[in-house]
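Quick notes on the structure that follows.
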There are 2 protein chains.
Amino acid sequence: METTATTTDSCAGPVHADRRPDGQDRYTISEVVAFTGLTAHTLRWYERIGLMPHIDRSHTGQRRYSNRDLDWLELVGKLRLTGMPVADMVRYAELVREGDHTYGDRFELLKATREDVLARIAELQDTLAVLDRKINFYADAGRALASERS
Amino acid sequence: METTATTTDSCAGPVHADRRPDGQDRYTISEVVAFTGLTAHTLRWYERIGLMPHIDRSHTGQRRYSNRDLDWLELVGKLRLTGMPVADMVRYAELVREGDHTYGDRFELLKATREDVLARIAELQDTLAVLDRKINFYADAGRALASERS
DNA sequence: TAGGACCCTGGAGTGCACTCCAAGCAAGCG
DNA sequence: CGCTTGCTTGGAGTGCACTCCAGGGTCCTA
């Protein structure tokens with residue numbers, strides 16, 4: 001059986017406490033699960049769809065992730081919560097694999113993403129305002145009911 | 001045939017320009033499509049799953065939306081882009097239908113949502129920082145390449 | 001009164017991002 | 001040696017939020 005999200009990950013912050021120094025950075029998949037909060041299924045799936053570079057393997061064929069892979073996963077995690085579709089992230093991964101001559105394209109892609117993020121933040125702040133109006137309404141209504149009961 | 005998103009909705013802002021005054025507020029579904037940017041399919045689906053109150057009907061059974069319905073859809077739109085699951089919005093809609101005695105629950109739900117939104121904004125700002133670091137890196141790399149070529 | 005645009009329904013289909021399964025290999029331990 | 005735990009694979013399954021379809025009724029204008 002495969003353990004998926006066993007230990008209580010009470011707070012899903014980036015807890016990369018015990019990263020090993022470069023040179024000894026050969027993490028098993030379950031270690032990466034602990035670092036990233038992703039499931040092993042998802043990590044393997046990311047690799048299949050080309051969102052990860054080909055991961056190094058042990059002599060018996062098991063995955064061994066490097067610090068570089070962890071960095072990449074951290075970026076992917078950030079991009080993911082901007083709502084960027086996985087397909088776009090794969091596109092970016094392809095650009096990275098294709099080499100230095102894609103710097104321009106990557107730059108454009110990141111700038112476009114940046115604009116998206118700014119727009120989303122603005123939307124959320126707008127929503128926050130609506131929410132606060134409603135919250136105030138219900139707070140007042142609650143006080144009114146309380147005084148009515150007294 | 002059903003027209004879904006025919007006219008060029010170049011900018012999906014809340015363009016509620018020509019709302020009719022209360023009393024004559026009986027909009028067809030396609031008018032609501034124009035207001036909200038949702039498809040007619042989605043509007044009917046929202047009703048089916050209980051995310052909308054039962055919409056008034058014309059004498060032949062066609063939907064006639066009111067200003068109140070439009071207001072509700074505007075709130076739903078906001079909540080939707082916070083990432084709130086539709087099921088939670090349905091829960092809120094149920095509370096509204098149940099009457100005034102659910103004010104407390106609604107208050108709690110909105111407060112929890114508010115916290116979520118704040119957290120998401122923080123995440124996005126964090127992501128923005130990462131993005132900006134990368135963008136600067138690629139900008140520098142671009143300049144380096146340019147000077148190399150000259 | 002004919003034509004075209006609009007609207008109705010229940011149920012089936014789609015796309016995305018995972019998520020899980022079965023069957024099997026491998027490593028460490030008593 | 002057997003047991004448990006962890007890792008491997010390709011492919012199938014899941015849940016969400018729509019999205020569409022067939023087959024039919026309605027509204028408006030010429």
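Proteins come first, then strands; the chains are lettered A, B, ... in the order of their sequence lines, and each starts at number 1.
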Handout entry: Distance, rounded to the nearest Å, where A/Ile29 contributes CD1 and C/dC25 contributes P
Key = 19 Å
Practice task
Report the distance from atom CH2 of A/Trp45 to atom C1' of D/dA12, rounded to the nearest whole Å.
Solution key: 15 Å
Handout entry: Among C/dT9, C/dT19, D/dG6, the one nearest A/Gln62 by side-chain distance
Key = D/dG6
Handout entry: B/Phe35 and B/Tyr65 aromatic centres sub-6.0 Å
Key = no
Handout entry: Rounded interatomic separation in angstrom, taking CG from B/Leu43 and P from C/dC6
Key = 16 Å
Practice task
To the nearest Å, give me how far apart CG (A/Asp88) and P (C/dA17) are.
Solution key: 9 Å
Handout entry: Whether B/Asn67 side chain and B/Arg20 backbone form a donor-acceptor pair below 3.5 Å
Key = yes
Completion exercise
B/Met84 atom CE is separated from D/dC18 atom P, nearest whole Å, by 14 Å
Exercise for the section: Mind calculating the distance between CZ (B/Arg80) and C1' (D/dC16) to the nearest angstrom? Expected result: 13 Å
Completion exercise
Against the side chain of A/Thr42, the closest entry in D/dC7, D/dC18, C/dT19 is C/dT19
Completion exercise
The reported gap from CZ in A/Arg114 to CG in B/Leu128 (rounded to nearest 0.5 angstrom) is 5.0 Å
Completion exercise
Which of C/dC7, D/dC21, D/dC7 is nearest the side chain of B/His41? It is D/dC21
Fill in the blank from the handout: Out of C/dC18, D/dA17, D/dT8, minimum distance to the side chain of A/Arg57 belongs to D/dT8
Problem - Closest nucleotide among C/dC6, D/dT9, D/dC7 to the A/Arg63 side chain - result: D/dT9
Handout entry: Shortest side-chain distance from B/Arg48, nucleotide among C/dG11, C/dA27, C/dT9
Key = C/dG11
Practice task
Take A/Asp69 and A/Ser66, measure what side-chain hydrogen bond (donor to acceptor under 3.5 Å, both in side chains) needs, and give me the verdict at the end.
Solution key: CA-CA 5 Å; A/Asp69 296 327; A/Ser66 67; 3.1 Å; yes
